[in-house]
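Each remark here refers to the structure printed beneath this line.
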Amino acid sequence: MRASQFLIATLKETPSDAEVISHQLMLRSGMVRKVASGLYNWLPAGLRTLRKVERIVREEMDRSGAQEVLMPAIQPAELWQESGRWEKYGPELLRVRDRHNREFCVGPTHEEVITDLVRNEIQSYKQLPANFYQIQTKFRDEVRPRFGIMRSREFIMKDAYSFHSNMDSLQQTYDLMHKTYCNIFDRIGLDYRPVLADNGSIGGNSSHEFHVLASSGEDDIAFSDSSDFAANIEMAEAIAPAGERAAPTAEMTLVDTPDAKTIAQLVEQHGLAIEQTIKTLFVKASEECEAEFIALLVRGDHDLNELKAEKLAQVAAPLEMAEEEAIKSLIGAGPGSLGPVNLPIPCIVDRTVAQMSDFGAGANIEGKHYFGINWDRDVALPEVADIRNVVEGDPSPCGTGTLSIKRGIEVGHIFQLGQQYAKALNATVLDENGKAVVMEMGCYGIGVTRVVASAIEQNYDDRGIIWPESIAPFSIALVALKYEKSEVVREQADKFYEELTSAGYEVILDDRPKVSPGAKMADMELMGIPHRVVISDRGIEAGTLEYKGRRDAEKQEIAIAELNDFISRTVKK
RNA sequence: CGGGGCAUAGCGCAGCCUGGUAGCGCAUCUGCUUUGGGAGCAGAGGGUCGUAGGUUCGAAUCCUGCUGCCCCGACCA
């Protein structure tokens with residue numbers, strides 16, 4: 001490609017509303033442009049990268065034996081009503097009507113459509129397992145699109161759905177997809193981790209997210225420092241502290257704490273270590289409980305894990321915190337003064353809390369706390385459960401090592417759906433005995449557009465993007481200085497351009513007239529082209545060209561006669 | 001959904017407080033010079049000041065509604 005014939009839409013200044021680095025650099029390098037909130041144009045350079053990601057995904061999916069299909073972006077309401085999700089999905093599902101006033105939605109995902117297809121086309125267990133995938137535009141009407149294409153409303157996703165006559169077969173395909181995803185992210189060249197994830201309300205046995213590690217990530221991932229263990233913080237078990245609970249040393253005393261409405265204030269005003277405090281959270285109780293609310297207790301510096309709490313039988317799902325008014329009318333004290341002593345409602349304490357001695361907590365009297373509380377002596381120890389988020393330094397639940405926590409960008413998610421959709425849509429096959437059985441399903445997604453952004457989050461410097469070679473829009477930038485004026489430069493540049501292109505390299509020849517050397521080089525660096533060759537009068541006179549890799553600190557001089565050899569040694573096709 | 005902010009040329013911004021016919025840098029176009037790190041000079045084009053209404057002799061500027069966009073929050077007592 002000749003730069004003079006190619007839209008190089010680079011910007012010197014960073015658009016003011018771009019927050020994260022990938023968004024800034026995709027705008028500055030002319031990869032994308034915003035059309036409206038959460039909607040983007042892909043410009044030629046960006047699209048080349050996007051297509052390369054797609055190609056890698058497609059090749060690896062094909063290699064795994066999956067079959068590519070293409071489903072419509074617009075889906076009839078009937079299928080969603082059949083699965084029950086027309087009601088459940090909420091405002092993220094963009095609903096539209098056609099000219100006959102029939103209802104449709106813009107697909108955020110395709111379980112319904114694929115299940116409908118498969119129930120019509122597959123009748124026998126002999127046709128299973130089957131795995132169908134597509135690479136297609138999705139729409140989710142996000143509450144708050146942000147970070148450019150990282151969380152946009154319209155995005156491209158590779159979604160795959162597998163069908164099975166039994167769970168063993170599902171597990172096999174699931175494992176195969178796990179491996180396939182590792183192959184895909186390895187080939188792209190990302191620093192990523194498969195992590196244990198929640199499978200949400202869907203159920204099923206197993207779920208993994210694939211996270212690209214980057215400080216701008218929106219998820220917290222817990223890792224063991226000495227094993228492969230990695231889990232979304234939502235899922236990481238906080239194991240009970242080792243050893244016995246220390247014996248009481250303090251008397252329980254009632255303390256006036258009129259100005260301590262938060263744990264932070266309590267600690268500051270009364271000289272208590274935060275590890276000696278507990279916080280008491282009131283949440284809606286489930287039908288299982290007699291009371292309307294149930295209290296959950298975690299250590300002052302710990303956070304409640306909503307997902308873990310929701311899974312407790314006594315807690316209503318979805319988790320709902322009590323209103324301040326409701327607490328006051330029930331206890332007579334506000335949220336800042338709650339604690340386990342003389343608590344009139346049921347209570348569940350975190351494992352760590354159960355091991356604490358001589359701790360401070362609200363007295364359930366407005367403006368008062370008890371200090372020196374001890375379980376059993378002062379108040380009976382209630383039911384104990386794991387209800388907090390793990391923190392840095394916790395022992396790993398796998399048994400070896402301690403946990404550290406990093407930020408991740410979720411680029412892939414695989415999970416076992418089981419029979420949820422197949423049952424709702426009555427998707428069955430005949431088994432060996434001629435009996436209809438509901439199919440088991442798995443589903444496997446990769447956020448293709450998000451992969452592009454996350455690659456930048458991991459690979460950039462102060463000059464711009466540094467694409468992994470596998471997905472760079474071009475692999476070699478031939479920068480021809482004074483192309484329009486110098487005949488020798490023009491001849492040499494055209495010659496190399498032809499040779500390298502016909503040898504199969506993706507080359508962009510910067511032949512733009514009247515663009516200064518500095519501007520050409522700055523643009524090629526901003527656009528993240530991995531290899532750069534400069535052709536100039538000065539070099540040709542000396543019989544050399546200058547080569548610089550995008551990550552190299554130093555340029556090197558290459559003899560003109562050596563260039564083709566040098567490139568074939570240095571550049572991956 | 002709650003809170004905050006912004007909306008003036010393709011991009012980044014000033015002007016608004018204190019009302020008087022819109023400006024700067026980058027980008028674009030023309031010409032000349034320049035060409036190894038985002039060139040210089042000279043000239044040119046480009047704006048219903050988001051939108052609707054109000055106040056006023058006069059509104060980018062003051063007031064009100066609407067729309068769009070951005071940020072923060074949405075368990076953490």
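Note on naming: letters A, B, ... go to the chains in the order of the sequence lines (proteins, then strands), and numbering restarts at 1 for each one.
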What residues in residues 358-371 of chain A put a non-hydrogen atom under 4.0 Å from any atom of RNA chain B?
none
Can you see whether A/Y547 has A/K555 sitting over its ring - NZ or CZ less than 6.0 Å from the centre and within 45° of the normal?
no
Between A/W42 and A/R48, is there a cation-pi geometry (under 6.0 Å to ring centre, at most 45° from the normal)?
no
Could you tell me how the ring of A/W375 sits relative to the ring of A/F359: parallel (under 30°), tilted (30 to 60°) or perpendicular (over 60°)?
tilted
Main-chain N/O of [Y] paired with [X] side-chain donor or acceptor, under 3.5 Å:
X	Y	answer
A/K308	A/A236	yes
A/W80	A/E87	no
A/N459	A/A455	yes

Indicate for each nucleotide in nucleotides 1-12 of chain B, in 5' to 3' sequence, whether protein heavy atoms under 4.0 Å reach the base (B), only the sugar-phosphate (S), or nothing (-).
B---------BS
For [N] versus [M], give the span between their [atom1] atoms, rounded off to a whole number of Å.
N	M	atom1	result
B/A14	B/C26	C1'	15 Å
B/G15	B/C29	C1'	27 Å
B/A60	B/G19	P	14 Å
B/C13	B/G65	C1'	28 Å
B/G23	B/U67	P	33 Å
B/G5	B/C76	C1'	27 Å
B/U55	B/U64	P	15 Å
B/U56	B/U18	C1'	16 Å

Mind checking if [X] touches a base, just sugar-phosphate, or nothing, with heavy atoms under 4.0 Å?
X	answer
A/S37	sugar-phosphate
A/L304	base
A/E525	base
A/K520	nothing
A/R388	nothing
A/I327	base
A/R463	base
A/E484	base

Specify the separation, in whole Å, of atom [atom1] of [X] and atom [atom2] of [N].
X	N	atom1	atom2	answer
A/E19	B/C70	CD	P	11 Å
A/I387	B/C76	CD1	C1'	12 Å
A/E218	B/C71	CD	P	11 Å
A/R151	B/C70	CZ	C1'	16 Å
A/M150	B/C71	CE	P	12 Å
A/I331	B/A77	CD1	P	18 Å
A/M524	B/G37	CE	P	17 Å

Got a donor-acceptor pair under 3.5 Å from the side chain of A/R532 to the base of B/G37?
yes
So, under a plain 3.5 Å distance rule, would you say the side chain of A/R28 forms a donor-acceptor pair with the base of B/G38?
yes
Please find out if less than 6.0 Å separates the ring center of A/F6 from that of A/F474.
yes
Residue met sooner reading RNA chain B from 5', once A/D537 and A/H302 are mapped to nucleotides:
A/D537
Take A/K555 and A/L281, find for each the nucleotide of RNA chain B with the closest heavy atom, and name the residue whose nucleotide sits nearer the 5' end.
A/K555
[X] to [Y] - nearest heavy-atom pair and separation:
X	Y	answer
A/S536	A/V489	C-CG2, 3.6 Å
A/A453	A/M150	CB-SD, 3.9 Å
A/I278	A/A361	CG1-CB, 3.5 Å

For the residue pair A/S216 / A/E457, report whether a side-chain donor-acceptor contact shorter than 3.5 Å exists.
yes
Can you tell me the pairing partner of [N] across any strand shown, Watson-Crick or G-U wobble, with both distances under 3.5 angstrom?
N	value
B/U56	none
B/U28	B/A44
B/U67	B/A7
B/A39	B/U33
B/C1	B/G73

Given B/A39, is OP1 or OP2 found less than 4.0 Å from the side-chain N or O atoms of A/K514?
no
Counting heavy atoms not belonging to A/E92, are there more than 12 under 6.0 Å from its CD?
yes
